[in-house]
Visitor: 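Provided herewith is a single structure, encoded as structure tokens, for subsequent inquiry.
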Amino acid sequence: MSETPPILEVVNLHKAFGPKAVLRGIDLTIETGLTTVIIGGSGSGKSVLLKHLIGLLEPDEGDVLFYGQAVRTMEAQELIKMRAKFGMLFQQGALFDSMSVLDNVAFPLREHRRGMAADEVRRLVTESLNTLDLYDVEHLFPAELSGGMKKRVGLARATILLPEIILYDEPTTGLDPIMITQVDDMIAATQRRLKVTSVVISHDMSSTFRIGQRIAMLHEGKIICYGTPDEVRRSEDPVVQRFITVSGTGPLQPLEAHP
């Protein structure tokens with residue numbers, strides 16, 4: 001009996017914008033059910049890689065495989081079905097300013113579950129918000145929410161379809177240390193609750209070592225280090241060690257993402 005292919009696999013991925021080569025042969029397997037954190041400096045290509053994972057960019061060479069199928073060969077309807085299995089939390093939440101919390105969180109349901117009764121939509125939205133300790137906020141608009149509440153509403157929207165994979169694009173950027181810890185806790189709790197595969201883009205090593213079960217470092221368009229947090233800490237690569245040292249990361253204990 002053949003083994004089930006990994007949920008996501010990146011094979012020899014290349015991408016350039018004009019003369020600038022951003023990704024130069026990425027090979028990376030995203031392990032099912034774990035939280036993988038992709039780290040690297042500003043401009044290292046982390047967000048470009050993330051966009052390839054969900055098929056928003058097409059590689060110049062190489063492939064992203066979703067359960068063994070090349071994303072770039074998918075027809076439009078196949079892409080829509082694949083993307084319905086992804087949730088994504090953007091840096092600032094990316095909520096629609098003109099929509100209420102209810103309509104923001106309901107947006108994926110209305111796109112992918114057309115015809116669902118309004119009462120059922122509201123029930124699912126309220127349930128998703130409540131699991132993130134958000135109560136009676138459906139009528140509010142993004143401008144009325146705190147930064148932390150926006151993150152949680154964004155996560156409620158990202159998980160409303162019960163995705164198999166959640167992508168987080170720099171979820172702690174611009175937050176104070178207390179809020180960073182809260183977001184880390186939220187990511188770990190969501191992974192534990194839904195048993196999803198999570199991919200987090202980050203340059204924050206404290207956060208990375210708290211939530212990451214696998215860590216991949218992107219540098220000059222290539223993955224130069226991949227492994228568990230302990231393996232990454234022990235890496236002898238000078239670029240990896242410098243990145244960790246400059247971040248001032250202490251001996252943090254990882255959050256328990258699995259029982």
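In this chain, residues are counted from 1 in sequence order. What you see is a predicted model, and the numbers here were worked out from it, not measured in a lab.
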Visitor: Are there more than 12 heavy atoms of other residues, nucleotides or ligands under 6.0 Å from atom CG of D136?
Guide: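 Not buried by this count: 12 neighbours or fewer within 6.0 Å.
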Visitor: Measuring centre to centre across the rings, with the benzene-like ring taken for any Trp, is F141 within less than 6.0 Å of F96?
Guide: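 They do not qualify: ring centres at least 6.0 Å apart.
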Visitor: I want to check a possible cation-pi pair here: R157 against F107, using under 6.0 Å from ring centre and within 45° of the ring axis as the test.
Guide: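 No - R157 does not lie over the ring of F107 by the 6.0 Å and 45° rule.
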Visitor: In this structure, which one of I215, I39, L50, I211 forms a side-chain contact (heavy atoms from CB on, under 4.5 Å) with V200?
Guide: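 Filter result, single survivor: I211.
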Visitor: Looking only at heavy atoms, which two atoms of G212 and P229 are closest? And how far apart?
Guide: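 Result for this residue pair: O-CG, 3.1 Å.
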Visitor: Please identify each residue that fulfils salt bridge (Lys or Arg N to Asp or Glu O under 4.0 Å) with R83, with sequence neighbours left out.
Guide: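 Scan of R83 (salt bridge (Lys or Arg N to Asp or Glu O under 4.0 Å), adjacent residues dropped) gives none.
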Visitor: Considering non-hydrogen atoms only, spot the tightest contact between M186 and L89 and give its length.
Guide: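 Nearest heavy atoms, M186 then L89: CE-CD2, 4.3 Å.
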Visitor: With rounding to the nearest 0.5 angstrom, report the CG to CG distance, L13 to D63.
Guide: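 Going from CG on L13 over to CG on D63, the span is 8.0 Å.
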Visitor: Looking only at atom types and distance, does a side-chain atom of R152 sit under 3.5 Å from a main-chain N or O of L132, one as donor and one as acceptor?
Guide: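 Yes.
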Visitor: Given 3.5 Å as the limit, does a donor-acceptor pair link the side chain of E120 with the main chain of A117, or not?
Guide: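 Here the side-chain-to-backbone pair does not exist.
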Visitor: Does atom CZ of R193 have more than 12 heavy-atom neighbours, drawn from other residues, nucleotides or ligands, at distances under 6.0 Å?
Guide: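 Enclosed.
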Visitor: Between D185 and R210, is there a salt bridge with N-O shorter than 4.0 Å?
Guide: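 Between D185 and R210 there is a salt bridge, with a charged N closer than 4.0 Å to a carboxylate O.
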Visitor: Could you walk me through whether Y226 and V232 pass the side-chain contact (heavy atoms from CB on, under 4.5 Å) test, one step at a time?
Guide: CA-CA 7 Å; Y226 173 83; V232 171; over 6 Å; no
Visitor: Can we say R72 and E58 salt-bridge, meaning some charged N sits less than 4.0 Å from an Asp/Glu carboxylate O?
Guide: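 A salt bridge is absent here (no side-chain N lies under 4.0 Å from a carboxylate O).
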